[in-house]
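To keep things clear, I will list the structure first and then write my remarks on it.
This is a predicted model, so every value here is computed, not measured. Chain letters run A, B, ... following the sequence lines, proteins first, then strands; residues in each count from 1.
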Number of protein chains: 2
Amino acid sequence: MQRTLSSLDYAVDEEVISTISRALAHPVRVRILKLLAGETCCFTGELTGMIPMAQSTISQHLKVLLDAGLIQGRIDPPKVKYCIDRERWRLAEELFMGFFGPESGAACDGD
Amino acid sequence: MQRTLSSLDYAVDEEVISTISRALAHPVRVRILKLLAGETCCFTGELTGMIPMAQSTISQHLKVLLDAGLIQGRIDPPKVKYCIDRERWRLAEELFMGFFGPESGAACDGD
DNA sequence: TTTGTTCATCGGCAATATACGATGAATCAG
DNA sequence: CTGATTCATCGTATATTGCCGATGAACAAA
């Protein structure tokens with residue numbers, strides 16, 4: 001979590017993949033995204049009622065997702081609506097596909 | 001990183017996605033995976049020569065990838081060869097596809 | 001046995017992540 | 001203005017991550 005290696009400049013996609021992955025690195029955030037991406041669509045802080053965690057904790061997780069660009073928040077006083085950022089979502093799909101997709105590389109057994 | 005919420009039991013895919021994501025959460029690990037998955041295939045500790053980090057640090061990153069099941073290591077004294085775990089790789093692709101893939105959910109503007 | 005190579009693990013330090021309760025900010029109803 | 005609602009942020013405690021140098025373990029060659 002330091003990344004002080006200035007001599008190692010990562011490729012853009014390496015940075016973006018790791019950034020998005022860091023946002024997905026906690027199961028509760030995966031769940032939140034599933035809820036938002038699912039049929040229910042644009043959600044609000046009712047998440048507080050669906051997830052047994054303190055409101056402040058959920059708010060923090062939402063902030064992490066927000067910072068990663070995966071969701072958007074729109075103010076609808078006194079509530080806030082969160083929804084998937086579709087553009088970022090598509091980018092994520094594209095990047096992860098390009099990453100996991102190609103079945104390149106030979107098997108390890110040979111040699 | 002505590003996850004003491006016993007009342008919140010995550011779905012298997014939520015756990016697996018977050019586990020794999022945690023492994024991808026550092027750009028240097030993404031790079032290592034790219035190197036291993038790329039044309040070069042089964043690599044060894046020559047990574048030490050390709051990444052400007054201490055040998056112990058790289059070894060730690062390899063362990064993280066190993067624990068996440070994304071790579072395998074085979075001993076070939078006095079070296080160790082690492083390669084992608086193709087099975088896990090396919091599972092990852094499948095899970096991330098199912099996660100990012102569906103363009104479900106209406107736009108946020110309505111309502 | 002001794003030496004050299006390769007890699008993992010240990011100890012230590014600083015930074016981040018995660019959780020909570022409490023408090024602050026914004027808004028609307030009365 | 002007062003109070004209620006909703007959500008973000010602060011402060012704090014603890015666990016984890018990430019980095020390094022140093023050391024340990026395994027093995028082959030001399």
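Listed pair A:His61 / C:dA17 fails the phosphate criterion, with no side-chain N or O lying under 4.0 Å from OP1 or OP2.
For the atom pair CD1 of B:Ile84 and CG of B:Leu36, the computed distance is 5.0 Å after rounding to the nearest 0.5 Å. A distance of 10.5 Å separates OG1 in B:Thr19 from CG in B:Leu95, rounded to the nearest 0.5 Å.
Separating the CE atom of B:Met53 from the P atom of C:dC7 is a distance of 18 Å, rounded to the nearest angstrom. Rounded to whole angstrom, the span from the CD1 atom of B:Ile75 across to the C1' atom of C:dT6 amounts to 11 Å. A straight line from NZ of B:Lys81 to P of C:dT6 spans 15 Å, rounded to a whole angstrom. One interatomic measurement links the two molecules: NZ of A:Lys63 to C1' of C:dA17, which rounds to 14 Å at whole-angstrom precision. For the pair A:His26 NE2 and C:dA17 P, the computed distance is 12 Å after rounding to whole Å.
Residue whose closest nucleotide on DNA chain C sits further toward the 5' end, between B:Thr48 and A:Ile58: B:Thr48. Taking the nucleotide of DNA chain C with the nearest heavy atom to each of A:Val64 and B:Lys79, the more 5' of the two is matched to B:Lys79. Across the interface with DNA chain D, nearest-nucleotide mapping of B:Arg29 and A:Glu46 shows A:Glu46 to be the residue nearer the 5′ end.
For the pair A:Val30/B:Tyr10, no side-chain contact is recorded, criterion being any heavy-atom separation below 4.5 Å from C-beta on.
For the salt bridge (Lys or Arg N to Asp or Glu O under 4.0 Å) condition, the pairs that include at least one residue of residues 61-71 of chain B, sequence neighbours left out, are B:Lys63-B:Asp67.
Of the candidate nucleotides D:dT17, C:dC20, C:dC7, D:dT17 has the atom nearest to the side chain of B:Arg22.
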Practice item. Summarise protein proximity over nucleotides 21-30 of chain D in one line of letters, 5' to 3': B for base, S for sugar-phosphate only, - for none, counting protein heavy atoms closer than 4.0 Å. Key: BB----S---
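Among residues two or more places apart in sequence or in another chain, the side-chain contact (heavy atoms from CB on, under 4.5 Å) test is passed with A:Thr57 by A:Met53, A:Ala54, A:His61.
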